[in-house]
Amino acid sequence: MASVKPTVDPAETPLLGSVSGSTAVAVPSTRYPEKYASLNPREIDVLREQVEIPSVKTTFFSAYRYATKKDILLVGLAVLLAIIEGSIKAVIPIMFGLFAQNFVNFIQSREFYDNYGGYDNFMRYNYTFHNVTNMENTDSYYNSTFSYTLVPEYISPDDFQRQANFDAIYFIYFATVEFITSYASTFIFNDRGEVLAARIRKNYLASIMKQNIAYFDNVGTGEITTRISSDTLMIEAGISEKLGYLISFCSTFVCSFIVGFSLSPRLAGLLSSIAVFIVASFYFASYRMTALYKKASNGASSGGSVVDEILSSIRNVQAFGIQERLAAKYDYSLSLSQKYAQRAGFYAGSITGIAWLGLYLDDAMVFWQGAKFLARGEISLFAIVTILPSMVQGLLAITSIAPHVRAVAAATSAINKIFTTIDRDSAIDSSSESGRTLSTIEGNIELKNIKFIYPSRPDVVVMQDFNLQVKAGATVALVGASGSGKSTIVGLIERFYNPVFGQVLLDGVDIKDLNVKWLRQQVGLVSQEPILFSGTIFENVAFGLVGTPHECASEIEKRVLVEEACTQANAMIFVDSLPKGLDTHVGERGFLLSGGQKQRLAIARAIVANPKILLLDEATSALDTNSEGIVQDALDRASKSRTTIVIAHRLSTVTNADMIVVMKSGAIIENGTHAELIASRGHYYELVQTQNLEQHIIDETEILLDDTLEVDTVANSLDEKAVVLDAQDSECWSKEDGVWDSDKEASQMLLSRSNTAKSISSFLVSQLEEVRERKYSVMELIKFLYELSLPEKNINIAALVSAVIMAAGYPYNSLIYSDGVDALGELPDVDRMNQRLLKDVIIYLIMGAIELIFPIMAVGLFTYSGQRLVRRIRMRTLRQITRQDIGFFDKTENTSGALTFAISRDSGAIEGLSGVTFGQVVSSLIMIFGGLGVGLVVAVKLAAVTSPCVPLLLVAGCAKFYLLAKRQEDVTEAYSRSSSYASEAAASIKTVAALTKEDDIVATYASSLDTIYRSGRRQNSYTAAIYGIAQALVYLTQCLMFWYGSNLVRTDGYSVFMFFVAVIAIVNGSQYGSIVFTYAIDMAKAYNAAGNIKRLYDKIPTIDAWSEEGIVPQNVLGDVEFKNVHFRYPTRPNVPVLRGLNLTIKKGQYVALVGASGCGKSTTVGLIERFYDPLSGQVLLDGQDVSSLNVNAYRSHIALVQQEPTLYSGTVRENVKYGSLDPDVSDERMIEVCKQANIHDFIMSLPDGYETMCGAKGSLFSGGQKQRIAIARALIRDPKILLLDEATSALDNESEKVVQAALDIAARGRTTIAIAHRLSTIQKADLIFVLENGRVLESGTHQELLANKSKYYELVKLQELENNGH
């Protein structure tokens, strides 16, 4: 068949939907509809209370809910300092007015007296010819028409320079105050922002941990990860330095008007009418922008749950090749986010455009009306020149405010999302101290008149009028079909859910009246799918001591208890074989251990505290036969003197129960002891019969019972993922010969390995070089982002041109403004002044229209293209991650939570630099360099002296960028770890709740946040100091310019026009341009994010799902062969797993792999799926090495059903069809395979049938139901090779018999490889391989292996029912 390639070119992700020919499917809404029509109001209230999330009203100030008095004082101080900093910018124009007035007065004085040859000549002339008797005050002189006119005050050059020097010193004072205020406010805002954001994160996680379980049926782990990572980062950004900048700019805006009204209320009032228009427009645009960003945030968060589902089940995703179909669901969420964010961008642009319009209207107003006031003597030149730049400075502050308003708006939106969860009152609050605690517990449990409905599926009644009594100290077993309500009983006793009617009583007390945490501490729970937490074995087992008197015991005492519990659970044997014993790290969710080993540790955790009530939900389902027998004995002992409720599908584990309750459809159909139920020959008897091995085999093994030696449990403790290096391993590498010697291997099967021999896998591992993480230069990353954004090239060019036009207006404004100030000096020639000013006013009106349009275009288009880029990055990043081989996901840093966070974080950082921020950066740079160009053309001397100060500003900005980039790198890694931890806890919420580990989870998370904060405090100080220096440099540059400019006016004849062109273009342009460095943190985040993204994109996996290379297998038969295969997991290269495995499987054979937990069974399946490549040896398909085959084409012939079934949010129809190579496979075929898997009738019994939503990770179905859907998904693929990794382990006996028959039929004509602990499921296999220590110990048919009376024989005997059970 043709190669199955990714439907989307990996180098170029489609922006909307999928490319032609894609297998992506339409994504329906995943919201499950409410169906309460058949319920009474009380029942509706019970259900809604458990699932509904009421909306809450929050404001920006809600972010300070957890602030202490110290925090409030510090933030108040920072606000005051920011206000002072902003007010300085408004006061500086007063200095401009003083200098302008002094310059005009001096130049007028110089020009006037120079006409007479100087001041002395003028005095002599006036005295001699006109006999002026009083020349002490030269207020008038006699002109040529013999009439008296005003005489300008004489200002000597020395007096002028002295005054200029005196005024220039004020700039030094301002620079000092600016440094102190900007440094202190920035540091405090950043410091308190981190502290307060950490508290919000902690309280959010605490709120998540206390939520009732039904909450998590609708809210996926990915959404929680996104909220605790991305949304809290938004809040932190909004309450940190960006808030300081916002307050500073607002202060500048307000103080500018205060200065203006104090000098001329009339002129300032005219200018205020423009300001009112701007503020009103700003408010409206900000409101719309906030609402749109809130909608965009919702889309991104819902996409986070999809990502988490994909990454947490990556083996299943790769096995079925459904990366693109699941990515399409993520793309749907991103499309919503993109749409709303793009609209918000145009509103952000309108804020800037309207502000620029106001700026130029102010200029026009001042030179039009201000000139009239000046001519009438109602205002001074000083007032005009002060009011205009002051009001302009205020409006410039508004133009710069947009990105910071966006940050605060995004924070406000995120605050609402976060606090909606924090403020949600959990229907079953584990953190509440209310409720009774009983001084003594007997252990009597009663379920009385229970009616139960899962809140996420309100139209399906699970139990109706259900009654059950469990006496103290009794062991009660619950058996029955999947979905009969067995696990529901466990959930009710643990109070995971509330019944809609009836009571659950403990010693006669309704558990609703008991304290939730206390109740759960009296109960030990072992779930069907064991959950371990990232940490050591000791830590995981010790979690069972939470809430007991031993919780605060010394570590030595705890170790004694942990060792005892592990011994009872048959876990100590494999633990002792590990290099670090109890201190061995188990990986995220225990992935470094096999299923059986995780189960044994879960049992140890449950019994370590010696609870009064023990709930075993398929506690031995994942154990091999040998371990099951020993663990069952331990559980039998542990059950004594305590109430035990056992849920079992494997009936051999419950024959000794005091009472067996047989359930069906949420009701009890019979109960009694094992003997009583067998004697009654009812439903239980039928269940037993389906699980019996052939009678003649039982008889044969009974005869031989006494001849059997005790099983050597030590030999079976091998851990396929964590086994210790065996010193007697037969794998050999001769150091002398340097080659592999198969004869030597054979001989050393019998002899001890010599000291000169080294295992081949050890040698190969030693040759592997550690790949160092590459660092990229800034130019490399700029080029990388440029190449990523090529599809938006034309849009970006249009945006860039718009930004250039927008920014070029300011350097040009320096010419018009300076000409206007110079024209005001034409008085008393009013006509000439008005003539010059009319031209300037017209130019300002034209510039205002231009500057209204182009900012909207620049920011809007940059946002439009930026959102497309961010969406592409997110999609391609997800695809690139799912492209990686499984070894990538085995690494501790690549947990599903960490990767989900990374996608959100890195794309968010790129988004933070795109749109309005990028437009502002471009504009600022153009203002800086454009201003330098204008200054050098008009006033070359002044510009030449002061322009070198501009690079100092750039250096300060670059230094800040460097420090922030370094800080971001450290913070990114730290936050990734902490978010992964929180995600892991949320994903395992039932286990966390059962262990009452919520407080410990929150405390550990808070500790990690505190470490992050403390490690970055010094860097925050350095960054704030550099920002303060950069701000102070602006005023020091102005000091130099006014001082040196005064010299040039005095000595070189510089005019007012030349001086103000240089001042406005260079100094003010640089001051405004320096705003670019307020985005240093955004640039630092984007730099770090771009490096992470490029590093991922450059990573080409060894087993590449995108590769078109390799042979496309044709006419596949299904012959599978392992030839001398050696394997070690990449994360544990020093631990051998397979040690020369050889096995041959012929086409069409039904082959079973059996053996102790950790013997290499699942590893064998992983190698067949080509999740990994062996270190040496070959895995062959029809005689061809699978490593030479195209990986997609090869996997298209294989279907996998895993031990722990995986479903995805969406409908049952979607989940079944994910198994098909053709996404448009017919419904008839789907129904056919569902019938084979014995799930069709159940699906049709649901109100929505195949359109029923499965919930996040299939949470709305029981384990058995999920497994049958997973089997149907495998069968619809019609594979040549069918891999069953405990495919029926979660099924009840009744369903198992039907499904096993269906699997037997499905196995015809194809190769089937089954991993089995339950030997009754594989007794008809054509060939059974018994694995031990990574090799085949024995093989043959069921009958042949029994005749051998070896390992398999012992395993069969351990799994028999007792003789009186048949």
Side-chain angles (χ1 to χ4, degrees), residues 6-10 12-33 218-227 230-231 292-314 317 320-344 417 791 864 866-882 896 899-900 903-904 907-908 911 1207-1218 1223-1224 1248 1250-1258:
T7 57
V8 180
D9 182 0
E12 198 54 54
T13 299
L15 191 61
L16 292 171
S18 59
V19 296
S20 178
S22 171
T23 59
V25 294
V27 182
S29 171
T30 58
R31 182 175 178 181
Y32 194 76
N218 290 330
V219 178
T221 305
E223 180 172 344
I224 294 171
T225 303
T226 301
R227 294 273 177 241
S230 180
D231 287 2
L292 289 168
Y293 274 124
K294 184 176 181 180
K295 292 180 179 179
S297 175
N298 289 339
S301 296
S302 63
S305 292
V306 177
V307 172
D308 183 73
E309 277 193 328
I310 296 172
L311 299 182
S312 62
S313 60
I314 190 63
V317 170
F320 284 95
I322 54 176
Q323 296 95 321
E324 297 303 324
R325 280 187 260 183
L326 291 174
K329 297 176 69 175
Y330 182 50
D331 190 57
Y332 175 79
S333 297
L334 294 182
S335 67
L336 297 177
S337 178
Q338 174 188 312
K339 178 177 70 174
Y340 293 120
Q342 285 175 337
R343 293 180 185 176
K417 289 294 180 183
Y864 183 83
Q867 287 299 319
R868 287 167 62 100
L869 172 63
V870 167
R871 180 178 174 187
R872 184 180 302 106
I873 287 174
R874 284 176 173 165
M875 283 297 295
R876 184 170 168 183
T877 300
L878 175 61
R879 289 185 169 109
Q880 183 70 23
I881 289 174
T882 57
S896 60
L899 293 173
T900 302
I903 293 175
S904 174
S907 58
E911 181 181 9
L1207 298 184
Y1208 303 95
S1209 58
T1211 64
V1212 174
R1213 182 189 306 278
E1214 287 176 329
N1215 272 277
V1216 175
K1217 288 189 175 183
Y1218 280 147
D1224 298 322
D1248 293 329
Y1250 282 92
E1251 296 303 320
T1252 299
M1253 303 304 293
C1254 297
K1257 300 182 182 179

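- Inter-residue side-chain proximity for Tyr1208 and Ile322 is flagged as met; some heavy-atom pair is nearer than 4.5 Å.
- The side chain to side chain contact (heavy atoms under 4.5 Å, CB included) test with Ser907 singles out one residue from Met875, Arg874, Arg876, and that residue is Arg874.
- With a 4.5 Å cut-off on side-chain heavy atoms, Arg879 and Gln323 do not count as touching.
- Minimum heavy-atom separation, Ser337 to Gln867: O-OE1, 4.5 Å.
- Val307 has its side chain out of reach of Ile881: every pair of non-hydrogen atoms, C-beta onward, lies at least 4.5 Å apart.
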message: Before you tell me yes or no, could you show the steps for Gln342 and Arg868 under side chain to side chain contact (heavy atoms under 4.5 Å, CB included), namely the whole-Å CA-CA distance, both residues' side-chain angles and the distance that decides it to 0.1 Å?
response: CA-CA 9 Å; Gln342 285 175 337; Arg868 287 167 62 100; 3.6 Å; yes

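- With contacts defined as side-chain heavy-atom distances shorter than 4.5 Å, the pair Met1253/Thr1211 qualifies.
- Residues Thr882 and Leu311 are in side-chain contact: their nearest non-hydrogen atoms beyond the backbone lie under 4.5 Å apart.
- Under a 3.5 Å cut-off, the side chain of Gln338 and the backbone N or O of Arg871 do not form any donor-acceptor pair.
- In this structure, Ser335 contributes its side chain and Tyr332 its backbone to a donor-acceptor pair below 3.5 Å.
- With rounding to the nearest 0.5 Å, the separation of CG in Leu1207 from SG in Cys1254 is 5.5 Å.
- Expressed to the nearest 0.5 Å, how far CG of Asp308 lies from CD1 of Ile903 amounts to 10.0 Å.
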